[in-house]
There are 2 protein chains.
Amino acid sequence: MVLVAETTSLNSILERVARADTLTDMQQEIERLRDHFGVDHIVYHWVSSDGEQYGCGTYPMTWVERYLEKNYLRIDPVVLGCYQRFHPVDWKRLDWSGKAARNFLADAIEHGVGNQGFSVPIRGPNGQYALFSLSHNSDDDTWADFTASHHRDLIMAAHAFNQRALELEPGRAQETAQALSPREVDAMTLLALGYSRAQVANSLSISEHTLRVYIESARHKLGALNTIHAVARALSRGLIVI
Amino acid sequence: MVLVAETTSLNSILERVARADTLTDMQQEIERLRDHFGVDHIVYHWVSSDGEQYGCGTYPMTWVERYLEKNYLRIDPVVLGCYQRFHPVDWKRLDWSGKAARNFLADAIEHGVGNQGFSVPIRGPNGQYALFSLSHNSDDDTWADFTASHHRDLIMAAHAFNQRALELEPGRAQETAQALSPREVDAMTLLALGYSRAQVANSLSISEHTLRVYIESARHKLGALNTIHAVARALSRGLIVI
DNA sequence: TTTGCACTCCCCATAAATAGCGGGTTTTGC
DNA sequence: GCAAAACCCGCTATTTATGGGGAGTGCAAA
C-alpha cells in the first residue's frame, strides 16, 4: 500500500485533463492520477442538466454495470450526502444507517470499492452535479492522514476534471440560452413556495389568466411537461431560488 | 503597480481563513490576501439559502452602500453572468451590452472599482451562491498574465473562503431534513420529472390512490402546502435528485 | 422602423389534483 | 416480540389546473 503523492507530476496531469478531447482521454488521465495519489480508485461522474449521467473512473466494469442496473444513484449515500453538502467529505461522515445503504456498502466493497473514501462535490448553474471521488482500502488513521495532506490537491483535481467535463458535455449551448423572463421567474418562485395559482396571481397583482400565460411560457421554455416539472427544472437549473 | 504573488504566504492566509471565527476575521484575511496578490480589491460575497446577502471585501464603503441602495445585485453583470457559469471568468468576457450594465460599470469605476476583474463562482446545495472576485486597475495584457499565472491560487482561495463562510452561516444546524421513505422519494422524483399522477402510479406499479397517500405523507413530512411545494422542497433540500 | 419579446386580459371545456372517509399487510428497528 | 413505520387498496365529492383558442399594449434592440 502506497500513499505518497509527488506534487511535481500533479500539475502535468491536470494540464492534460484541461486539454482532453474525449472521455477516453480523461479516463487515461484519471488512471494516471490514481497512480499519482497511490489510491485504489478514482472516479469522476456527473449529472447533466437534463438528468443524464456521465462518468469515468477506475472502478471495475462489473461494479459500474451493477451500479447502473440497480439504480444505486438513488441509494448511494455518497451521492445523496454530497448533494446536501458544499465541501469535500470523508465517506465515514456520511449517513450509512438504513438497510438500503448498508446493503449498498456491502455490495460495493464486494465489487472492489475500497472501505475508505473521499468525495469532492461540485455543482453548476443548471443543476449539473459532479462528484470527484477517491476510494481506498486502508485503516482510518492512514486515510485521515492522506486526505488531510492532499486536501488542496484533491480540490484542484476535482476542479480540473469538472471544468473540462462541462465543456465536453454535449448540448450545453442551447440549454443555457433559455432564461426566464422576470415575471416568469416570479411565477415559478411563488409556485415553488407553495402558493396556489390564485394566491400567486394575487401576490403579483395580475389576473389568474395572465399568470397562466407566464406559467405556460415558462413551461415551454423549460421544455417541461407540466407545472411541477417546470418548477423542478427551474429549481435544478438555478433559475429560481427558494 | 505590483502584480507579484509569493506562494509561501498564501497557505498561511488560507489556513487563517479556515480558522476564522467571525466575518471580521475574514475581512482581515481578505485584506492580507489583497496585499499578497498585489491587486486593488478582493471581495467575497454570497447569497444564503434564505436569500440573505453577506459579504466582506476591500471595496470602499461608499460603493458597498451604493450597491445595496441601488439594488445593483440584479443589474451587476458579474453576479448575473457568473450565476449562469461554472468556472472562473474574466469580467471582460461577460455581457456588458445593455444600458443598465454600462451605467453600472461607469458608476463602479467612479467609486474605485478597477477596470479589470476576475470572479470565481461557487454554488451550494440549497441555492447558496458565492462569488470570490478580484478587481484591479491595469491594462489587458498585464491582467491576462496575472489571472493566467494565479488561476489555481484563486480557485483555492475562493474555496477556502467559501468553506468557512458556509460553516459560519447562521441557521444551518437546525436544517435537519426529515428523510422521505423510498416510495415517497420515488413519487417525488417521478413527479419532478414531469410525470402525471397516473403515469407515476403506473411506473411504480401501484394504484393511483396509494400514490396519493405517498404524496400526502411526503407533503406532511416536508411541511409543504401542495405537491409543487413538496417537490420544490424535496429538490432544494437535496432529498431527491433529478 | 420593424421585428421581436415581455406584459396584460378574456372564454370554454376537459383533465387532473385535492380532501375526506374507510380497510388491510409486510418490514424494520429497538 | 412488539411497535412504528412503510407498504398497499377502495370510494365520493369538490376544487384546481390544463389545453385550445383569442386580443392588445409598450419597450428595446436590429
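Predicted model only: the values in this text are computed from it and were never measured.
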| Which part of the nucleic acid does B/R183 contact within heavy-atom distance under 4.0 Å: base, sugar-phosphate only, or nothing? | sugar-phosphate
| Does B/R219 have any salt bridge (charged side-chain N to carboxylate O under 4.0 Å, His left out) partners at least two apart in sequence or in another chain, and if so, which? | none
| request: Send over the distance from A/H229 NE2 to D/dA17 C1', rounded to a whole Å. | output: 17 Å
| field | Protein-nucleotide distance (A/M188, atom CE; D/dA17, atom C1'), rounded to Å | value | 13 Å
| task | Take the protein atom CG of A/N226 and the nucleotide atom P of C/dA17, then report the distance between them rounded to whole Å. | result | 8 Å
| remark: Residues at least two apart in sequence or cross-chain that pass side chain to side chain contact (heavy atoms under 4.5 Å, CB included) with A/D141, listed by chain then number, are A/D139
| request: Could you list by number each residue of residues 202-217 of chain A showing a heavy-atom separation from DNA chain C of less than 4.0 Å, or answer none if no residue does? | output: A/I206, A/S207, A/H209, A/T210, A/R212, A/V213, A/Y214
| said: So, using side chain to side chain contact (heavy atoms under 4.5 Å, CB included) as the criterion, who are the partners of A/N115 when residues are at least two apart? | reply: A/I109, A/N137
| task | Quickly work out the A/L225 CG to D/dT18 P distance and round it to whole Å. | result | 12 Å
| request: For A/D107, enumerate each residue passing the salt bridge (charged side-chain N to carboxylate O under 4.0 Å, His left out) test, keeping only those at least two apart in sequence or located in another chain. | output: A/R66
| task | Side chain of A/R219 only, please: which of D/dG19, D/dA17, C/dC7 is the nearest? | result | D/dG19
| Rounded distance in Å - CD (B/Q199) to P (C/dA17) | 9 Å
| Under 4.5 Å between any side-chain heavy atoms of A/I122 and A/W46, yes or no? | no
| A/E184 CD to C/dC5 P, straight-line distance once rounded to whole Å | 12 Å
| message | Taking the nucleotide of DNA chain C with the nearest heavy atom to each, does A/I228 or A/S181 sit closer to the 5' end? | response | A/S181
| D/dT15 phosphate, OP1 or OP2, under 4.0 Å from A/R197 side-chain N/O | no
| said: Applying side chain to side chain contact (heavy atoms under 4.5 Å, CB included), can you list everything that pairs with A/I155, at least two apart in sequence or on another chain? | reply: A/P88, A/H151, A/H159, B/M156, B/H159
| query | Quick one: are A/Y214 and A/I206 in side-chain contact, heavy atoms under 4.5 Å? | reply | yes
| query | According to the salt bridge (Lys or Arg N to Asp or Glu O under 4.0 Å) rule, which pairs have a member within residues 92-106 of chain A, sequence neighbours left out? | reply | A/D90-A/K92, A/K92-A/D140
| said: Under the rule for salt bridge (charged side-chain N to carboxylate O under 4.0 Å, His left out), what residues qualify as partners of B/R183, not counting sequence neighbours? | reply: B/D186
| note | Reading nucleotides 25-30 of chain C from 5' to 3' and marking B where a protein heavy atom lies under 4.0 Å of the base, S where only the sugar-phosphate is that close, and - otherwise, the string is ---SS-
